[in-house]
Amino acid sequence: DLTSGNSTAAKSDLNKVNTDLQAQEASNATGNLALSSLERLVVKISDALSAGAVQSAVQDVAGYLVQHGQASGSLLNISA
């Protein structure tokens, strides 16, 4: 949804990811309040989408994937 520019659907997807992350945190409650790199990514994407900056959100995801060893894939094959 994000790569197609559908920000409404991307926000919905992001909400689902955030819900899953919160459920995972609840089941792994360790008292650690630090955000994981994935949680920081979700926050960045949410902020970008809220600002209407879909391309910025795509770049955030692409940067995350490259930093975490996923330098190729359909997400990076976007059209300008």
Side-chain angles (χ1 to χ4, degrees):
D1 294 328
L2 185 58
T3 58
S4 68
N6 185 342
S7 63
T8 301
K11 287 178 186 178
S12 176
D13 294 342
L14 191 60
N15 286 333
K16 291 175 187 174
V17 169
N18 198 27
T19 299
D20 289 346
L21 283 171
Q22 290 175 355
Q24 182 179 3
E25 287 175 2
S27 68
N28 296 332
T30 61
N32 185 359
L33 299 178
L35 294 177
S36 71
S37 60
L38 182 57
E39 290 168 317
R40 287 190 300 274
L41 174 65
V42 169
V43 169
K44 285 179 74 174
I45 294 170
S46 179
D47 290 346
L49 291 176
S50 293
V54 174
Q55 185 61 35
S56 177
V58 170
Q59 290 172 342
D60 290 338
V61 172
Y64 176 87
L65 293 174
V66 169
Q67 289 177 358
H68 292 86
Q70 301 294 324
S72 64
S74 62
L75 181 64
L76 299 179
N77 297 327
I78 61 172
S79 58

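The residues of the chain are indexed from 1 along the displayed sequence.
Applying the salt bridge (charged side-chain N to carboxylate O under 4.0 Å, His left out) rule to pairs touching residues 46-68 yields Lys44-Asp60, sequence neighbours excluded.
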Candidate pair Asp13 and Val17, rule side-chain contact (heavy atoms from CB on, under 4.5 Å), full reasoning: CA-CA 6 Å; Asp13 294 342; Val17 169; 5.6 Å; no
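Linking ILVMFWY side-chain heavy atoms closer than 4.5 Å, directly or via other members, places Tyr64 and Val43 in two distinct hydrophobic clusters.
For Asn15, the side-chain contact (heavy atoms from CB on, under 4.5 Å) test picks out no residue, with sequence neighbours left out. Scanning for salt bridge (Lys or Arg N to Asp or Glu O under 4.0 Å) contacts around Lys11 gives an empty result, with sequence neighbours left out.
With values rounded to the nearest 0.5 angstrom, Leu41 atom CG is found 9.5 Å from Gln67 atom CD. Separation of atoms CG (Asn18) and OG (Ser46) is listed at 7.5 Å; rounding is to 0.5 Å. Annotation: the span from Asn6 atom CG to Ser12 atom OG amounts to 9.5 Å, rounded to 0.5 Å.
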